[in-house]
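All values reported here derive from a predicted model rather than from experimental measurement. For the single chain, residues carry numbers from 1 onward in sequence order.
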Amino acid sequence: MRKRFDFSFLLFLLAALLLWYGNKLGGRFSTDVTLPLEIVNDYDASYWVEQSRLRVNATIEGTGTKLLKYKLGVAPAISLPMSKLITSPLRNGQRQVKLTNNAFGAVLAGQMEEVNLIRVLDTAIVVRVSAVESRRMAVISRLNIEPAREYLLVGAVRLSPDSITVRGPKVILDSIGAGVHTKAKSYRRQKLSLSGRIELDPVEYLLYSQRRVEFQAEITPYTEQRVELPVEVANLPEGLQALTLPATVKALLQIPPDRLDELQRRAPRASINYLKCVESPRRNDLVQIDSLPRGARVVLITPPSAELFLTQ
């Protein structure tokens, strides 16, 4: 007679194994593992690590479930702030730093939450670093504000602060030029003044003293004003006298109505530059108009240039 297989025994055995395994995972053990690390370049660091991800062999202690993640290689990288790893100055030109296991282990132990560090097995950890500098750099607006018809933007967009401290490798600071930029953003057909906060555009490997700045943009209706101005000669050497042809120009200005009185008080000036005239074959230069109130802009100058004539 054929015997039937007893599945209840198999289920009992499987349950016993699971209970035993669960009990083991809940206990505390110590084991050797390879820890994934990420060195974080923080604002207080004197040096910049070039290779931020590395692995370190260590003995750790913890529950079986926590240790299993490190054994299987699925545990998240442990973050270590660079400012805590290197606290003393390096020799000039030194690019590689050897961190002893004692000093490195003290920082590592303070960053581990799920398990306890017993010892670092590697005798030393070598990291490659670059010198770090801090510079005060201008914030450059990338806000594109287009007023509605018969409205104008008074001056430029104002940023506060208009400069920030930027920290990072010298070679990257040298490469970004005059300053850092805001995020690009556009406003169209605006009739009202704008204000708010705008994020700065990040640059890889650079740290900013702040991530956002405030902006203000004054938008106002304008009126058109026509003025006729005598043409002066700027930078004329002492002892020389000169005439211009034409002697006057007409300018079409767009200006906020509440600044018309200021326009009269300021007495705008039209001029050509003597130095540019003598370099020009035709001895002429484009007419420039200055001493305008804030918010006023020149739409048209007729004629746009004037010719220089020296007199006795």
Original post:
Out of curiosity, N57 CG to R119 CZ, how far, rounded to the nearest 0.5 Å?
Top reply: 13.0 Å
Subject >> Closest heavy-atom pair and its distance - M137, L173 >> reply: SD-CD2, 4.3 Å
**OP:** Determine whether V203 and Y208 make a side-chain contact, defined as any pair of heavy atoms from C-beta on separated by less than 4.5 Å.
**Re:** yes
Subject >> Whether over 12 other heavy atoms sit under 6.0 Å from K69 NZ >> reply: yes
**OP:** Identify the heavy atoms of L236 and Q241 that sit nearest to each other, and give their distance.
**Re:** CD2-CA, 4.3 Å
Original post:
Going through the checks in order, is the side chain to side chain contact (heavy atoms under 4.5 Å, CB included) test met by T220 and Y151?
Top reply: CA-CA 5 Å; T220 182; Y151 286 77; 5.8 Å; no
**OP:** Please say whether more than 12 non-hydrogen atoms of neighbouring residues, nucleotides or ligands are located less than 6.0 Å from CG in L252.
**Re:** yes
Subject >> Residue pair L80 / V40, side-chain heavy-atom distance below 4.5 Å >> reply: no
Original post:
How many angstroms lie between CD1 in I78 and CD1 in I39, if you round to the nearest 0.5 Å?
Top reply: 12.0 Å
**OP:** Would you kindly confirm whether I140 and Y187 end up in one hydrophobic cluster when ILVMFWY residues are joined by side chain heavy atoms under 4.5 Å apart?
**Re:** no
Original post:
What residues form a salt bridge (charged side-chain N to carboxylate O under 4.0 Å, His left out) with R135, not counting sequence neighbours?
Top reply: E133, D174
Subject >> Side-chain donor/acceptor of N235 to backbone N/O of Y274, under 3.5 Å >> reply: no
Subject >> Test item: S134 and R167 side chains (from C-beta on) under 4.5 Å apart, heavy atoms >> reply: yes
Original post:
What do you reckon, is CZ of R226 surrounded by more than 12 foreign heavy atoms closer than 6.0 Å?
Top reply: no
**OP:** Starting from the C-alpha separation in whole Å, work towards a yes-or-no answer on side chain to side chain contact (heavy atoms under 4.5 Å, CB included) for L243 and T311.
**Re:** CA-CA 7 Å; L243 298 175; T311 61; 3.8 Å; yes
**OP:** Please examine the side chains of L263 and Q225, heavy atoms only from C-beta on, and report whether any two atoms are closer than 4.5 Å.
**Re:** yes
**OP:** Kindly indicate, with the supporting measurements, whether the criterion side chain to side chain contact (heavy atoms under 4.5 Å, CB included) is fulfilled by I198 and R212.
**Re:** CA-CA 6 Å; I198 184 75; R212 298 176 181 85; over 6 Å; no
Original post:
How far does OG1 of T59 sit from CG of L121, to the nearest 0.5 angstrom?
Top reply: 4.0 Å
Original post:
Minimum heavy-atom separation for R259 to I255, with atom names?
Top reply: O-CD1, 3.5 Å
**OP:** Would you name the heavy atoms of V233 and A242 that are closest together and state the gap between them?
**Re:** CG2-CB, 4.3 Å
Original post:
Is it true that the side chains of T34 and R55 contain a donor and an acceptor less than 3.5 Å apart?
Top reply: no
Subject >> Intermediate values then yes/no, side chain to side chain contact (heavy atoms under 4.5 Å, CB included), V154 and I219 >> reply: CA-CA 6 Å; V154 179; I219 296 175; over 6 Å; no
Original post:
Will you find, in the side chains of S291 and R269, an N or O donor that is under 3.5 Å from an N or O acceptor?
Top reply: no
**OP:** Find out if a path of hydrophobic residues (ILVMFWY) with successive side-chain heavy-atom gaps under 4.5 Å connects M82 to L54.
**Re:** yes
Could you pull out every donor-acceptor pair under 3.5 Å between side chains of residues 296-310 and any protein atom, sequence neighbours left out?
| residue | atom | partner | partner atom | Å |
| --- | --- | --- | --- | --- |
| R297 | NE | Q254 | OE1 | 2.7 |
| R297 | NH2 | Q254 | OE1 | 2.7 |

Original post:
Can you tell me how far CZ of R149 sits from NZ of K191, rounded to the nearest 0.5 angstrom?
Top reply: 10.5 Å
Original post:
Hey, is E218 close enough to R294 for a salt bridge, meaning N to O under 4.0 Å?
Top reply: yes
**OP:** Treating Ile, Leu, Val, Met, Phe, Trp and Tyr as nodes and any side-chain heavy-atom pair under 4.5 angstrom as an edge, say whether Y222 and L153 lie in one connected cluster.
**Re:** no
Subject >> Rounded distance [0.5 Å steps], CG in L143 versus CG in L159 >> reply: 7.0 Å
Original post:
With a 4.5 Å heavy-atom cut-off, do I118 and I60 have their side chains touching?
Top reply: no
**OP:** Of all the heavy-atom pairs spanning Q210 and L200, show the shortest one and how long it is.
**Re:** O-CD1, 3.4 Å
Original post:
Under a single-linkage definition using a 4.5 Å side-chain heavy-atom cutoff for Ile, Leu, Val, Met, Phe, Trp and Tyr, are V287 and L275 assigned to the same hydrophobic cluster?
Top reply: yes
Original post:
Does I272 belong to the same Ile/Leu/Val/Met/Phe/Trp/Tyr cluster as I289, with side-chain heavy atoms less than 4.5 Å apart forming each link?
Top reply: yes
Original post:
Can you check whether P230's main-chain N or O pairs, donor with acceptor, with T248's side chain at less than 3.5 Å?
Top reply: no
Subject >> For the student: nearest non-hydrogen atoms of P268 and L229, plus distance >> reply: O-CD2, 3.6 Å
**OP:** Go through the side-chain N and O atoms of E214 and S160 and say whether any donor and acceptor fall under 3.5 Å apart.
**Re:** no
**OP:** Spell out, as yes or no, whether a donor-acceptor pair under 3.5 Å connects the side chain of R136 to the backbone of S163.
**Re:** yes
Subject >> Min side-chain heavy-atom separation V120-V56 under 4.5 Å >> reply: yes
Subject >> Backbone N/O of C277 and side chain of S280: donor-acceptor pair under 3.5 Å >> reply: no
Subject >> With R142 via salt bridge (charged side-chain N to carboxylate O under 4.0 Å, His left out) - residues at least two apart >> reply: D201
Original post:
In Å, rounded to the nearest 0.5 Å, how long is the span from CD1 of I172 to CG of L206?
Top reply: 5.5 Å
Original post:
Are there more than 12 heavy atoms of other residues, nucleotides or ligands under 6.0 Å from atom CD of E61?
Top reply: yes
